[in-house]
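This structure is a prediction, so every number in the text was calculated from the model and none was measured. Protein chains get the first letters and strands the later ones, always in sequence-line order, with residue 1 at the start of each.
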Amino acid sequence: MADDKGLTPRADDFSAWYNEVVQRAELADHSPVRGSMVIRPWGYGIWERMQRALDDRFKETGHENAYFPLLIPMSFIEREKEHVEGFKPELAVVTHAGGKELEEPLVVRPTSETIIYSMYAKWVQSYRDLPLKLNQWANVMRWELRTRLFLRTSEFLWQEGHPAHATEGEAEEETRLMLDVYRTFMEEWIAMPVVTGLKSESEKFAGALRTYTCEAMMQDGKALQAGTSHNLGQNFSRQFGLTFQSEAGAEEFAWNTSWGVSTRLVGGMVMTHGDDTGIVVPPRLAPVQVVVVPIYRKEAERTAVVEKAHELAGRLRERDVRVRVDDRDHLNPGAKFWEWERKGVPFRIEIGPRDLAKEQAVLVKRVQGEGEERKAFLPENQIVAELAEHLEAFQRQLLERARARREARSHRGGETLDELREILEGPGGFVYTGWSGDPAVEERIKEETKATLRCIPDPAFRSPQAPTRCIGGGEARMEVVWARAY
RNA sequence: CGGGGCGUGGCGCAGCUCGGUAGCGCGCCUGCUUUGGGAGCAGGAGGUCCCGGGUUCGAAUCCCGGCGCCCCGACCA
């Protein structure tokens with residue numbers, strides 16, 4: 001932020017650009033506690049839109065919301081072996097309360113499997129009580145060593161779905177279904193294309209049988225794990241005595257799943273669509289989809305133009321467009337243009353004295369597509385009639401643009417470690433290779449290239465030709481995606 | 001925890017080498033003129049110079065000891 005006005009260009013320093021743009025779009029700010037953030041209204045408004053869209057889908061797929069408490073007995077976290085190993089280093093622990101040392105320390109939840117499934121154990125007796133499909137919207141805390149606004153903060157907001165099922169097959173189906181809900185949401189709402197697939201053993205959730213993931217590619221070519229869906233098998237039900245009597249009368253352990261997405265998605269949105277002017281918010285997520293900026297010189301003009309601006313806004317609102325009139329008098333129009341572009345509002349309508357008589361206005365799009373004019377002088381009526389379509393088209397355009405960017409940086413057909421390194425140190429992005437499944441190879445690649453195995457992609461994302469050769473030697477038993485990641 | 005950088009009005013910084021009690025840009029307030037891409041002029045408000053100790057007649061500046069934040073690596077949604 002050398003000169004108060006311009007942002008550091010993405011190409012100069014992507015990381016600096018991200019930090020600046022998040023603050024200057026007023027999405028969030030650092031709180032006084034290291035590693036935690038304040039989500040400001042503009043950022044929270046985007047998160048609220050995400051929440052609503054996801055919550056609707058959760059309900060449609062048969063889930064209900066509930067709320068489980070923030071504090072979890074330490075012994076609960078310790079119950080599942082892999083789980084505790086995964087989370088121990090990042091737990092925040094309450095040791096004192098009410099002026100006394102507690103007999104048993106309480107953990108600020110890093111995730112809620114343990115408390116939720118322990119409660120399920122009380123509630124579930126029969127197969128008739130299953131499936132029990134609950135979700136909660138909550139904050140969680142993981143004491144991270146290195147933090148960044150939205151991408152990794154010690155406290156973050158998320159949703160965690162924690163169903164219990166009667167059969168293994170049902171649990172697997174649920175795991176896949178919710179992964180698909182996430183993928184669709186990310187594409188259709190955030191306009192952020194993702195590759196879905198299975199995590200390797202070393203990358204899976206602590207305590208899960210299998211973890212499925214949505215991996216997005218940011219503009220710097222790095223991967224962002226945007227959402228995960230876990231098949232927990234019976235690991236937690238065994239530890240918490242979550243049993244039920246089956247139709248045949250036998251006592252069985254329930255099959256659990258868990259799935260979550262977090263405020264990290266806001267960071268994903270920023271790094272997917274932002275440009276050197278600021279962030280770009282996809283229309284479906286934008287708290288304000290259109291800002292109307294009145295332009296005037298004399299007082300008489302001001303009255304007429306502002307009145308017209310509000311009238312236009314009213315007509316747009318009737319068509320369910322989220323619109324705001326920026327009639328602040330102490331800023332000139334140019335300052336308002338910059339401000340709303342920085343904040344990523346999809347469209348702007350400029351209306352001034354010259355437009356009034358002609359019953360027209362200027363419609364300006366946040367991102368200029370190839371071969372299109374950014375500004376259009378259009379009759380008022382046409383703007384009102386067509387704006388919803390423009391918003392939808394813009395939404396689609398963002399997804400297409402992001403998808404094209406990802407494809408341009410998806411490298412297929414590489415086989416050797418040197419090729420992998422060359423790509424990562426050059427253009428960056430996703431590298432598809434064959435893999436034998438040997439964890440030692442995965443570990444070595446991670447050490448030597450800093451890239452991790454992002455996923456074993458689902459069929460829809462595999463290369464047209466299955467790789468025959470294999471990175472790190474051995475027989476190519478599957479195709480995998482490598483990338484440096486956030 | 002290792003490496004680097006930085007703590008000075010709300011924000012970004014200068015001043016520190018060579019001690020003399022604080023300045024610039026932006027922002028903010030008031031007024032007038034402006035307003036189709038980041039307004040101009042005039043006036044004004046606002047600072048425990050991160051904290052503690054020391055040296056000195058005198059410390060933002062020198063010395064000692066803390067604390068905090070940011071960035072880069074090892075761990076992770």
If you take any heavy atom closer than 4.0 Å to RNA chain B, which residues from residues 337-352 of chain A end up in contact?
A:Phe337, A:Trp338, A:Glu341, A:Arg342, A:Arg348, A:Glu350, A:Gly352
In whole Å, measure the gap between the C1' atoms of B:C57 and B:G65 for me.
26 Å
Taking only the P atom of each, what is the distance from B:A59 to B:G54 in whole angstrom?
12 Å
Think A:His30 has a side-chain N or O under 4.0 angstrom from the OP1 or OP2 of B:C69?
no
Whole angstrom is fine here: how far is it from CG in A:Leu331 over to C1' in B:G27?
11 Å
Describe the nucleic acid contact of A:Thr277 in one word from base, sugar-phosphate, nothing, applying a heavy-atom distance below 4.0 Å.
nothing
Under 4.0 Å between any heavy atoms, over every strand shown, what does A:Thr111 touch: base, sugar-phosphate, or nothing? Just pick one.
nothing
Any residue meeting ring-ring contact (aromatic ring centres under 6.0 Å, His included) with A:Tyr486, in chain and number order, not counting sequence neighbours
none
Can you give the donor-acceptor pairs under 3.5 Å from side chains of residues 43-50 of chain A to other protein atoms, not counting sequence neighbours?
residue	atom	partner	partner atom	Å
A:Arg49	NE	A:Arg284	O	3.3

If the C1' atom of B:C28 is compared with that of B:G12, how far apart are they to the nearest Å?
15 Å
Applying the 3.5 Å cut-off to both distances, the Watson-Crick or G-U partner of B:G2 turns out to be B:C72
Please evaluate the base of B:G37 for a donor-acceptor partner in the side chain of A:Arg374 within a cut-off of under 3.5 Å?
yes
Atom-to-atom span, CD of A:Glu447 to P of B:A74 - whole angstrom
10 Å
Mind checking if A:Val362 touches a base, just sugar-phosphate, or nothing, with heavy atoms under 4.0 Å?
base
Whom does B:U56 pair with, Watson-Crick or G-U wobble, provided both distances fall under 3.5 Å?
none
Would a distance-only check, ignoring hydrogens and angles, find a side-chain to backbone donor-acceptor pair under 3.5 Å from A:Tyr18 to A:Arg148?
no
Kindly state which residues belonging to residues 183-201 of chain A come within less than 4.0 angstrom of RNA chain B, counting heavy atoms of the residue only, listed by number.
none
Please tell me which of A:Gly35 and A:Leu151 maps to the more 5' nucleotide of RNA chain B, matching each residue to the nucleotide holding its nearest heavy atom.
A:Gly35
Contact class for A:Thr228 (heavy atom, under 4.0 Å): base, sugar-phosphate, or nothing?
nothing
Rounded interatomic separation in angstrom, taking CD from A:Glu144 and P from B:C75
12 Å
How far does the P atom of B:A45 sit from the matching atom of B:C24, given to the nearest Å?
13 Å
Below 4.0 angstrom, N of the basic side chain to O of the carboxylate: do A:Arg302 and A:Glu299 qualify?
yes
So what's B:U17 paired with, Watson-Crick or G-U wobble, going by both distances under 3.5 Å?
none
What about the rings of A:Phe205 and A:His83, do their centers lie closer together than 6.0 Å?
yes
For atom CG of A:Asp329 and atom P of B:U30, their distance in whole Å:
12 Å
Taken to the nearest whole Å, CD/A:Glu299 to P/B:U33 is 11 Å
Span that lies between the P atom of B:A60 and that of B:G37, in whole angstrom:
48 Å
Rounded to whole Å, NE2 of A:His330 lies from P of B:G40 at a distance of 15 Å
Just jot down the ring-ring contact (aromatic ring centres under 6.0 Å, His included) partners of A:Trp259, sequence neighbours excluded, or say none.
A:Phe58, A:His63
Ring-ring centroid check A:Phe240 A:Phe76, cutoff 6.0 Å:
yes
Closest approach of A:Ala92 and A:Met141, non-hydrogen atoms and distance?
CB-SD, 3.7 Å
Sequence-distant partners of A:Glu155, side-chain hydrogen bond (donor to acceptor under 3.5 Å, both in side chains), two or more places apart:
A:Asn139
Looking at A:Lys375 and B:G36, is any side-chain donor or acceptor paired with a base atom of the opposite kind under 3.5 Å?
no
For the residue pair A:Lys365 / A:Gln397, report whether a side-chain donor-acceptor contact shorter than 3.5 Å exists.
yes
Should the pair A:Tyr120 and A:Tyr117 be assigned to parallel (<30°), tilted (30 to 60°) or perpendicular (>60°) ring geometry?
perpendicular
Under a 3.5 Å cut-off for both contacts, is B:C26 paired Watson-Crick or G-U wobble with anything, and if yes, with which nucleotide?
B:G10
Sidechain N-carboxylate O distance under 4.0 Å for A:Arg183, A:Asp458:
no
Among B:G37, B:G73, B:U35, find the nucleotide with the atom closest to the side chain of A:Pro333.
B:U35
B:G31 pairs with, by Watson-Crick or G-U criteria that keep both distances under 3.5 Å:
B:C41
Could you state the CZ-P distance from A:Arg302 to B:U33, rounded to the nearest angstrom?
14 Å
Are any of A:Arg297's side-chain N or O atoms less than 4.0 Å away from OP1 or OP2 of B:U35?
yes
With a cut-off of less than 4.0 Å, is there a side-chain N or O of A:Asn19 near OP1 or OP2 of B:C71?
yes
Looking across every strand, which nucleic acid part, if any, lies under 4.0 Å from A:Lys336 by heavy atom: base, sugar-phosphate, or nothing?
nothing
Using the C1' atoms only, state how far B:U8 lies from B:G47, rounded to an integer number of Å.
8 Å
A:Leu145 or A:Thr153, whichever maps to the more 5' nucleotide of RNA chain B
A:Leu145
Indicate whether the side chain of A:Asp180 and that of A:Tyr212 have a donor and an acceptor atom separated by less than 3.5 Å.
no
On a whole-Å scale, what distance lies between the C1' atoms belonging to B:G25 and B:G46?
16 Å
If you only use heavy atoms from C-beta on, which nucleotide in B:G36, B:G38, B:A77 is closest to the side chain of A:Ala335?
B:G38
Atom CG of A:Leu149 to atom P of B:C71: distance rounded to whole Å?
8 Å
Could you give the distance separating B:C62 and B:C6 at their P atoms, to the nearest angstrom?
13 Å
